[in-house]
Amino acid sequence: MHRSVSWLAGIAAVACVFTFAAPASATSDFARAWKEAYLAGDDVDADFVKTARKAGCYVCHIKGHPKKKEVRNEYGKAIHEFLKKEDFPKDYLKEKPEEAKKKMVEGFKKAGEKKSSDGEVFAEKIKAGKLPATDAGL
């Protein structure tokens with residue numbers, strides 16, 4: 001009986017760690033900064049906000065790909081040219097959040113200047129209320 005209680009207590013402790021200890025991640029910070037840059041404000045089309053929120057991770061990744069977190073669509077690849085997760089360590093994000101956010105937005109703008117495979121510029125597609133990538137699988 002004592003072993004069972006210890007075993008259950010151990011499982012509960014591990015579950016609590018995974019539930020309550022959500023470490024800062026550059027990836028989630030990138031997503032948050034992108035949403036603030038492109039989905040906030042009075043001049044943003046409400047339909048685009050709905051579409052982009054529904055797309056979620058697939059704004060930069062490919063839906064249905066078995067390695068969804070590692071594989072980026074064309075827009076995600078463009079962003080990755082200018083923003084690397086390792087350049088935004090947890091300590092930096094915590095100590096200098098505004099500076100990190102500014103660098104992220106600069107990276108989004110640089111990526112936005114690149115062209116999609118359909119010949120349109122990513123930033124222009126976003127401005128027109130369209131998702132930027134043609135190969136997101138959506």
Side-chain angles (χ1 to χ4, degrees):
M1 175 75 175
H2 180 59
R3 279 177 115 170
S4 296
V5 172
S6 296
W7 178 251
L8 288 174
I11 291 173
V14 169
C16 285
V17 167
F18 284 111
T19 301
F20 297 111
S25 163
T27 306
S28 62
D29 286 294
F30 289 156
R32 190 176 307 109
W34 190 90
K35 287 174 186 173
E36 287 177 19
Y38 295 103
L39 304 182
D42 296 333
D43 59 338
V44 179
D45 180 66
D47 289 334
F48 177 66
V49 172
K50 285 181 194 174
T51 300
R53 289 195 184 279
K54 184 177 179 182
C57 297
Y58 307 117
V59 168
C60 296
H61 295 276
I62 299 173
K63 185 174 184 175
H65 195 284
K67 295 183 178 182
K68 138 182 139 163
K69 290 185 180 183
E70 294 89 21
V71 177
R72 295 171 184 88
N73 61 37
E74 62 182 356
Y75 181 62
K77 288 175 185 174
I79 288 176
H80 189 68
E81 285 182 43
F82 304 102
L83 298 173
K84 306 280 192 256
K85 182 178 175 180
E86 50 275 2
D87 293 336
F88 294 85
K90 194 172 14 176
D91 292 342
Y92 174 66
L93 292 169
K94 187 176 180 178
E95 293 168 13
K96 298 183 179 183
E98 291 304 314
E99 180 179 303
K101 182 179 170 185
K102 183 178 177 185
K103 287 182 180 181
M104 288 178 201
V105 172
E106 288 171 5
F108 299 149
K109 286 181 181 179
K110 288 178 183 176
E113 295 170 4
K114 297 192 144 288
K115 283 189 177 182
S116 170
S117 61
D118 63 6
E120 293 183 69
V121 176
F122 291 124
E124 292 300 318
K125 290 176 81 170
I126 293 169
K127 189 175 180 181
K130 297 188 263 182
L131 292 174
T134 59
D135 62 345
L138 299 172

**Asked** At their closest point, which heavy atom of A37 faces which heavy atom of F108, and how far apart are they?
**Response** CB-CD1, 4.5 Å
**Request:** Mind checking the NZ-NZ spacing from K114 to K77? Nearest 0.5 Å is all I need.
**Result:** 12.5 Å
**Complete:** Between H61 and N73 the two heavy atoms that sit nearest each other are O-ND2, 3.0 Å
**From CE (M104) to CD1 (I79), nearest 0.5 Å** = 11.5 Å
**Asked** So, D91 and K94, do they make that salt bridge, N to O below 4.0 Å?
**Response** no
**Message:** Just verifying a value: how many Å separate D45 CG and K130 NZ, rounded to the nearest 0.5 Å?
**Reply:** 12.5 Å
**Prompt:** Which value, rounded to the nearest 0.5 Å, describes the distance between E124 atom CD and E113 atom CD?
**Reply:** 10.5 Å
**Request:** Report the distance from atom NZ of K109 to atom CZ of F82, rounding to the nearest 0.5 Å.
**Result:** 14.0 Å
**Asked** K125 and A133: which non-hydrogen atoms are nearest, and at how many Å?
**Response** NZ-C, 4.4 Å
**Prompt:** Of the non-hydrogen atoms in L93 and F88, which two are nearest, and what is the gap between them?
**Reply:** CD1-O, 3.4 Å
**Value rounded to 0.5 Å, distance of SG in C60 from CH2 in W34** = 7.5 Å
**Request:** Could you please spell out the steps behind the side chain to side chain contact (heavy atoms under 4.5 Å, CB included) verdict for Y75 and V59?
**Result:** CA-CA 7 Å; Y75 181 62; V59 168; 4.0 Å; yes
**Item:** I126-L83 co-clustered via ILVMFWY side chain contacts under 4.5 Å
**Value:** yes
**Prompt:** Should K103 and E99 count as an ion pair when the cut-off is N to O under 4.0 Å?
**Reply:** yes
**Prompt:** How close do L131 and A52 get, heavy atom to heavy atom, and via which atoms?
**Reply:** CD2-CA, 3.9 Å
**Asked** Of the non-hydrogen atoms in R53 and L39, which two are nearest, and what is the gap between them?
**Response** CG-CD1, 4.0 Å
**Item:** D87 side chain near Y92 side chain, heavy-atom distance below 4.5 Å
**Value:** no
**Item:** Donor-acceptor contact below 3.5 Å, side chain K84 vs main chain H80
**Value:** yes
